[in-house]
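Letters A, B, ... mirror the listed sequences (proteins, then strands); counts begin at 1.
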2 protein chains.
Amino acid sequence: MERMTGSSETHKGQDVQVDLIAVLVSVVAGAPCVLTIRGGHMLPSGPFELEHRSLQSSLRAWVERQTGHSVGYIEQLYTFADRDRITDDRARRAISISYLGLTRADELKAQPSSGWGGWYDYFPWEDRRNGVPAVESDIIEPRLRGWAQSASGTGPRAERWQRAASVFGFEDHAWNEELALQRYELLHEAGLVQEAYGEAPPVENLVPGIPMFADHRRILATAIARLRTKIKYRPVVFELMPPIFTLLQLQRAVEALSGRPVHKQNFRRLIEQQELVEETGEVAADTGGRPAKLFRFRAAVHLERTFLGTRLPITRS
Amino acid sequence: MERMTGSSETHKGQDVQVDLIAVLVSVVAGAPCVLTIRGGHMLPSGPFELEHRSLQSSLRAWVERQTGHSVGYIEQLYTFADRDRITDDRARRAISISYLGLTRADELKAQPSSGWGGWYDYFPWEDRRNGVPAVESDIIEPRLRGWAQSASGTGPRAERWQRAASVFGFEDHAWNEELALQRYELLHEAGLVQEAYGEAPPVENLVPGIPMFADHRRILATAIARLRTKIKYRPVVFELMPPIFTLLQLQRAVEALSGRPVHKQNFRRLIEQQELVEETGEVAADTGGRPAKLFRFRAAVHLERTFLGTRLPITRS
DNA sequence: ATGCTTATGCTTAAATTGAGCATAAATCAA
DNA sequence: TTGATTTATGCTCAATTTAAGCATAAGCAT
């Protein structure tokens, strides 16, 4: 197999548009948020600036210019180049490179026509902090059951229902918060979100949740899933926290992102044994009950931590 | 924040070259391999074909045309667009989208000038199946110590050594096979791999391991790390196995990828309790000892499995 | 003081994981 | 044929990790 240049002409430059799409996440008052434009229906995006050294630096510069502050953590999500991808001028082929960025909410200088949208306004079924939300049992489950039933043939029917049960945790399946993308994709496939339709979306029979432009809600789901995975083996939550915080505040941020309730005592044990934080010596007075010790992120941890994270029966020695 | 089009002209098409780079992995006779060209010094790559519906399908078509067989599993790795990225004609800016693909070795029709390169020929230090390889204690550790020492200032010296110890598992740090990329990057930064140099690389003082063109070895390290992570929570190994296999063969494949020895009895317990496989009823005669039962991958598992994988103190109920 | 709220230390039970013993069932060398 | 060797497989055990919850501490409001 030689270098796979079909013919040398195809290797010439192509008239493509390269866009960056940012999923900028922060936690505002215990609610996980994403930066949006156009009334909450679009993710901010912009052209890739060739003068920059790298994609990362281009994105960083652009975000900093717009938000007035630096982004703590940036991670590439996915590159899309589908032919049917909707571009602004709908003429040219577009390549979109999406990024996840974490920032502290208080540090954002608000810009006109942009704002923080709550994750769970877009994905109400993803918030299980207070148990299974009504939308799931009342709407999603019956609709998905109907969708499964509407398949032709016993096999396909069972397969659809099996898939739904598996990603939404119906029947004896466990809920897995990391499957946010799969859940959105399933709802899309089942025609239960507005983005599944073109010109005239049905007003009825859709599942609650704010729709977004093109595939932006799908990209947001990707970001949520990625962050929910990441948070478990890398101390990224700290990028969303103020410099000084209580353990409960930290817990609330984790719960906000993961969409699940956390056992307070065990959470604190985990955090402490990982030595991620250190006491400042001060206490927070305004907690409503006994004052909580204040903590800060340990500086040493910032330099790349090595983590555990094996699920293989590894030989010890 | 409006849609971030600096000016409308920058939004016009740009003369960029979009390439796909494939890391095609298989396991040949217990050895994890990657498909290479140019005598093992390059990863196969080719231009993105605009006529395809998506990046994924473009890559799939191209790989199938070249290898004569389908790729079981494809996953996007990373998109590079650094200015200093070396392109074939070195004139134009290139965007490279790299992919990881898994395939069964026996199904590849060999092509001229291409072949399977063993992972560990490129990364000898990543193979710990038989304990810590000599190259680590004899060469890597002393060289990294030297590199750390050569920093100016006590702080930077300690920091460098700390980083080295952490990713390579020196001193009381545990070896983490998922840090393959970080290890390669550290060696690069320390000037211990040929790719760290331009025209005249030093012949001496490099760490063993075959160098590759441009950043291809870095991309390969990314793929290895990704696969080592993935294998723990998604049953991707099966894409590399023949339809029928023994548990030891499966174990050997996992060991090959993870670079670590696995406890046989516990491995079998894990596999069985996850219900990933089912007995065929047959036994393999040629195992050299007692015949082993033959297994196949359970079909039901192919449809998206939901997994466990939490490391948060989740509330049960 | 009394009761409410949040914080924090500590115990217990269950589940998971790393190791290894013991036996089974084949091949091979004498 | 026999015993050594090799791989397969069932099962136990102990250490560790994880989920839950009890109990006490220390603020505030009344």
Side-chain angles (χ1 to χ4, degrees), chain A residues 30 128 131 172 174-177 232-233 244-255 258 260-295 307-317, chain B residues 30 128-129 131 174-177 232-233 244-255 258 260-295 307-317:
Chain A
R128 292 204 161 201
D172 62 336
W175 171 264
N176 184 341
E177 71 278 3
K232 290 181 189 163
Y233 63 98
I244 307 290
F245 48 86
T246 70
L247 290 186
L248 185 58
Q249 286 169 347
L250 185 61
Q251 178 183 340
R252 292 295 179 229
V254 169
E255 289 175 326
S258 70
R260 308 186 66 154
V262 161
H263 186 282
K264 192 195 271 198
Q265 296 95 318
N266 291 347
F267 176 75
R268 124 194 325 269
R269 175 177 61 192
L270 204 69
I271 294 297
E272 279 168 6
Q273 84 182 23
Q274 293 197 159
E275 299 181 296
L276 293 174
V277 298
E278 60 189 12
E279 299 183 18
T280 65
E282 315 277 291
V283 293
D286 55 341
T287 50
R290 170 175 169 177
K293 287 182 193 164
L294 286 171
F295 292 83
F307 283 94
L308 340 86
T310 171
R311 286 193 70 73
L312 282 176
I314 295 300
T315 300
R316 229 175 227 162
S317 74
Chain B
R128 292 207 162 197
R129 284 174 293 178
W175 172 264
N176 184 341
E177 71 278 3
K232 290 180 188 163
Y233 65 99
I244 307 289
F245 49 86
T246 69
L247 290 187
L248 185 58
Q249 286 169 346
L250 185 61
Q251 179 182 338
R252 293 293 179 230
V254 169
E255 289 175 327
S258 70
R260 307 186 66 152
V262 162
H263 186 283
K264 193 195 268 197
Q265 295 96 318
N266 292 346
F267 177 74
R268 124 193 328 268
R269 175 176 63 189
L270 203 69
I271 295 297
E272 279 168 7
Q273 85 182 22
Q274 294 198 157
E275 299 180 297
L276 293 174
V277 299
E278 59 191 11
E279 298 184 17
T280 66
E282 317 274 291
V283 292
D286 55 341
T287 50
R290 171 175 168 177
K293 287 182 193 164
L294 287 169
F295 291 83
F307 282 95
L308 339 86
T310 173
R311 286 192 70 71
L312 281 177
I314 295 298
T315 300
R316 230 176 224 160
S317 77

Rounded to the Å, how far apart are Leu294(A) CG and dT6(C) P?
17 Å

Is a salt bridge present between Lys293(B) and Glu279(B), judged by a nitrogen-to-oxygen distance below 4.0 Å?
yes

Look at the side chain of Arg269(B) against the base of dG10(D) and say whether a donor-acceptor pair falls under 3.5 Å; ignore hydrogens and angles.
no

Can you name the atoms? Protein N/O to nucleotides 22-26 of chain C N/O, anything below 3.5 Å, with the distance.
from: dA24(C); atom 1: O4'; to: Arg290(B); atom 2: NH1; distance (Å): 3.4
from: dA24(C); atom 1: N3; to: Arg290(B); atom 2: NH1; distance (Å): 3.1

In whole angstrom, what separates Leu250(A)'s CG from dT6(C)'s C1'?
16 Å

Presence of Lys264(B) side-chain N/O under 4.0 Å of dC21(C) phosphate oxygens OP1/OP2:
no

Interatomic distance, Leu276(B) atom CG to Leu270(B) atom CG [nearest 0.5 angstrom]
8.0 Å

Can you tell me how far P of dT12(D) sits from CG of Asn266(B), to the nearest Å?
14 Å

Any donor-acceptor pair under 3.5 Å from Gln251(B) side chain to Val262(B) backbone
yes

According to the Watson-Crick and G-U wobble definitions, with both distances under 3.5 Å, which nucleotide is paired to dT2(D)?
dA29(C)

Separation of atom CD in Glu272(B) from atom P in dT17(C), rounded to whole Å
16 Å

When all nucleic acid strands are considered with a 4.0 Å heavy-atom cut-off, which category describes Leu247(A): base, sugar-phosphate, or nothing?
nothing

Kindly write out the residues that satisfy side chain to side chain contact (heavy atoms under 4.5 Å, CB included) with Ile244(B), not counting sequence neighbours, or none if the list is empty.
Thr280(B), Leu294(B), Arg296(B)

Within-4.5 Å side-chain heavy-atom neighbours: Phe295(A) and Leu250(A):
no

Using the side-chain heavy atoms of Arg268(B), tell me which of these nucleotides is nearest: dG21(D), dT8(C), dT9(D).
dT9(D)

Would you say Lys293(B) places a side-chain N or O within less than 4.0 Å of OP1 or OP2 belonging to dG10(D)?
yes

For Leu270(B) and dT17(C), give me the distance from atom CG to atom P, rounded to whole Å.
7 Å

Phe267(A) side chain near Glu255(A) side chain, heavy-atom distance below 4.5 Å:
no

Rounded to whole Å, CD1 of Ile271(B) lies from P of dT17(C) at a distance of 13 Å

Between Leu248(A) and Gln273(B), which has a closest nucleotide on DNA chain C that is more 5'?
Leu248(A)

Starting at atom CD of Glu282(A), determine the distance to atom C1' of dA7(C), rounded to an integer number of angstrom.
17 Å

Could you check how far CZ of Phe267(A) sits from P of dG9(C), rounded to whole Å?
15 Å

By side chain to side chain donor-acceptor pair (under 3.5 Å), which residues pair with Gln249(B), not counting sequence neighbours?
none

